[in-house]
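First the structure, in the form of structure tokens, and then the observations on it.
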Number of protein chains: 2
Amino acid sequence: MTATETPAAEADWLRLDQQICFSLHAASRAFNGLYRVLLKDLGLTYPQYLVMLVLWERGDLPVKKLGELLRLDSGTLSPLVKRLEAAGLVRRERSARDERSVDVRLTGQGAALREQALRVPRSIAAATGFDPAEIGELRARLDRLTSALDAAALEEPPAPPDRR
Amino acid sequence: MTATETPAAEADWLRLDQQICFSLHAASRAFNGLYRVLLKDLGLTYPQYLVMLVLWERGDLPVKKLGELLRLDSGTLSPLVKRLEAAGLVRRERSARDERSVDVRLTGQGAALREQALRVPRSIAAATGFDPAEIGELRARLDRLTSALDAAALEEPPAPPDRR
DNA sequence: CGCAATTTGATTGTGCACAATTTAATTGTG
DNA sequence: CACAATTAAATTGTGCACAATCAAATTGCG
């Protein structure tokens, strides 16, 4: 008892090459590396590119809304948006209606950058070597995975049931 | 020519919800969030956990080898391993044969932590809601994606086709 | 041997992720 | 109206990713 039991089967659980997380982490970094290359000409990092995508698609938005759409908090967005502002791509303006809110507005230069960005998704799609159907399927599976993981993260720490 | 052609179709290329990168980025962060919860008791971050996995599986290794297996460079590994050392889980020792090399060796405490870590992969697997076959399939697809992206990142930058 | 090239880590600097805290504006309630 | 609660950003602090640079040890070659 409390023996070192079933060494083979147990070890399998911890094998690096069997863990989905590692494949996913690696794929995420590989994407990041390719985006780094493709976005270099645009002067954007990958998260900055995501912010620009949202602004191009939906127009000017408050920081709060950007955070909801991209699932980023103010600790990440505040400095990121300031860098975009320093690059001349956006302006930050306090909302007139609600002084707590900061609207992020595309500048002419920021809006113009969209033209150059159009080639990026095509390059990415080509680089994956996946056809559109396969990409769609993978995306659906990943989204399902994300939902399941988010739900689990909320249920897992319920731990401290005794307070007061 | 050089027209702004087909506005609708073009916009689709930049739609956030169609980009595989966003799903993957989100899934990666969702994994990270769940690991953060599960590893809290072990006092490990997710990348630190990956390093421990490798050490548990393959025994003591030089930093160089750790970096190859996990695809992390010294800028990431040096401080990370120092934190593991500060936590008492590993020791860093200059190799006697090659003074340039630093061997990372598990301490008794580090080796003992493996017992507690065994439950982590099981919790993760359960949280995904995927059965083993589906996980394997997804993993294979992600690994293929990573290879394709890495290859593309190497080929992409020579780009400037019109120069001179 | 002697010195250039290579290899291994460490360091520095920038940027992102996220938790925790803080500040200011707004809203709700008595 | 006054004040507590809530909300939106910003700030602070820790840790990871990665590029670039540096230092020390090793290797290889003439």
Side-chain angles (χ1 to χ4, degrees), chain A residues 21-22 24-37 39-40 43-52 61-68 70-87 92-104 150 153 157, chain B residues 21-22 25-37 39-40 43-52 61-68 70-87 90 92-104 150 153 157:
Chain A
C21 63
F22 184 68
L24 206 130
H25 197 57
S28 181
R29 285 188 296 155
F31 253 121
N32 223 303
L34 182 54
Y35 273 106
R36 192 189 318 279
V37 170
L39 293 174
K40 195 170 185 178
L44 294 175
T45 66
Y46 171 61
Q48 288 167 10
Y49 169 71
L50 291 180
V51 169
M52 295 301 288
L61 291 171
V63 172
K64 169 74 172 172
K65 190 67 183 174
L66 278 176
E68 283 172 10
L70 296 174
R71 308 184 58 157
L72 295 173
D73 69 6
S74 65
T76 299
L77 278 177
S78 285
L80 188 158
V81 172
K82 283 184 182 174
R83 282 186 284 270
L84 289 179
E85 184 175 44
R92 298 180 309 127
E93 293 178 10
R94 287 278 161 192
S95 163
R97 285 191 307 93
D98 186 339
E99 288 280 333
R100 292 170 304 180
S101 181
V102 171
D103 289 328
V104 181
D150 282 346
Chain B
C21 64
F22 184 67
H25 195 59
S28 181
R29 285 187 296 154
F31 253 122
N32 222 302
L34 181 55
Y35 272 106
R36 191 189 318 279
V37 171
L39 292 175
K40 195 170 185 180
L44 294 175
T45 66
Y46 171 60
Q48 289 167 9
Y49 169 71
L50 291 180
V51 169
M52 295 301 288
L61 291 171
V63 171
K64 168 74 170 173
K65 190 68 183 173
L66 277 176
E68 284 171 10
L70 296 173
R71 308 185 60 159
L72 295 173
D73 71 5
S74 66
T76 300
L77 277 177
S78 286
L80 188 157
V81 172
K82 283 183 181 174
R83 280 186 285 269
L84 290 179
E85 185 176 43
V90 305
R92 297 181 310 129
E93 293 177 8
R94 287 277 162 191
S95 163
R97 286 190 309 93
D98 185 340
E99 287 282 332
R100 292 171 305 180
S101 183
V102 170
D103 289 328
V104 181
D150 282 347

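Since this is a predicted model, take the numbers as computed values, not measurements. Residue numbering restarts at 1 for every chain, and letters A, B, ... go by the order of the sequence lines. All heavy atoms count here, side chains included; hydrogens, waters and symmetry mates do not.
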Point to revise | B:Leu72 and A:Arg29: CA distance, side-chain angles, deciding distance, side-chain contact (heavy atoms from CB on, under 4.5 Å) verdict | key: CA-CA 10 Å; B:Leu72 295 173; A:Arg29 285 188 296 155; 3.0 Å; yes
[options]: which one has an atom nearest the side-chain heavy atoms of [X]?
| X | options | value |
| --- | --- | --- |
| B:Leu72 | D:dA9, D:dA17, C:dC18 | D:dA17 |
| A:Ser101 | C:dT8, D:dA17, D:dA8 | D:dA8 |
| A:Lys64 | D:dC18, D:dA8, C:dA19 | D:dA8 |

Suppose we screen for salt bridge (charged side-chain N to carboxylate O under 4.0 Å, His left out). Which residues come up paired with [X], at least two apart in sequence or across chains?
| X | value |
| --- | --- |
| A:Glu85 | A:Arg92 |
| A:Arg94 | none |
| A:Asp103 | none |

May I have the distance from [X] (atom [atom1]) to [N] (atom [atom2]), rounded to whole angstrom?
| X | N | atom1 | atom2 | result |
| --- | --- | --- | --- | --- |
| A:Glu85 | D:dA9 | CD | P | 14 Å |
| A:Phe31 | D:dC18 | CZ | P | 15 Å |
| B:Leu70 | D:dA17 | CG | P | 9 Å |
| B:Arg36 | C:dA20 | CZ | C1' | 13 Å |
| A:Leu80 | C:dG15 | CG | P | 10 Å |
| A:Leu34 | D:dA17 | CG | P | 19 Å |
| A:Asn32 | C:dA17 | CG | C1' | 12 Å |
| B:Arg29 | D:dA17 | CZ | P | 15 Å |

**Study point:** Test ring-ring contact (aromatic ring centres under 6.0 Å, His included) applied to A:Tyr46 - qualifying residues, sequence neighbours left out
**Key:**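 With sequence neighbours excluded, A:Tyr46 shows a ring-ring contact (aromatic ring centres under 6.0 Å, His included) to A:Tyr35, B:His25, given in chain and number order.
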Check your understanding: Which of these passes side chain to side chain contact (heavy atoms under 4.5 Å, CB included) with B:Leu77: B:Leu84, B:Val51, B:Val102, B:Val104?
Key ->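 The single option meeting the side chain to side chain contact (heavy atoms under 4.5 Å, CB included) with B:Leu77 is B:Val51.
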Check your understanding: Using a cut-off of 4.0 Å on non-hydrogen atoms, how would the nucleic acid contact of A:Leu77 be classed: base, sugar-phosphate, or nothing?
Key ->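 Here A:Leu77 touches no strand at all.
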Review point. Is a side-chain N or O of B:Asp73 found less than 3.5 angstrom from the main chain of B:Thr76, in a donor-acceptor match?
Key: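 Yes: the side chain of B:Asp73 pairs with the backbone of B:Thr76.
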Check your understanding: Using a cut-off of 4.0 Å between protein heavy atoms and nucleotide atoms, how would you tag nucleotides 24-29 of chain C 5' to 3' with B, S and -?
Key -> -BS---
Point to revise | B:Arg71/B:Asp150 under side-chain contact (heavy atoms from CB on, under 4.5 Å): CA gap, chis, key distance, verdict | key: CA-CA 12 Å; B:Arg71 308 185 60 159; B:Asp150 282 347; 2.5 Å; yes
Review point. Between B:Lys40 and A:Gln48, who's closer to the 5' end of DNA chain C by nearest nucleotide?
Key: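 Going by which nucleotide is closer to the 5' end, it is A:Gln48.
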Exercise for review: By nearest nucleotide on DNA chain C, pick out whichever of B:Pro62 and A:Asp73 is the more 5' one.
Suggested key: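 The 5'-side residue here is B:Pro62.
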Provide a list of protein-nucleic acid N or O atom pairs under 3.5 angstrom, restricted to nucleotides 11-13 of chain C.
| unit_1 | atom_1 | unit_2 | atom_2 | d |
| --- | --- | --- | --- | --- |
| C:dT11 | OP2 | B:Lys82 | NZ | 2.7 |

Point to revise | Test: B:Asp98 and B:Lys64 ion pair at under 4.0 Å | key: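 Salt bridge flag = no for B:Lys64 with B:Asp98.
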Review point. Counting only Watson-Crick or G-U wobble pairs whose two distances fall under 3.5 Å, which nucleotide matches C:dG9?
Key: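 Paired with D:dC22.
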Exercise for review: Provide the closest heavy-atom pair for A:Pro47 versus A:Leu80 in the form atom of the first, atom of the second, distance.
Suggested key: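 Between these two residues, the closest heavy atoms are CB-CD1, 3.8 Å.
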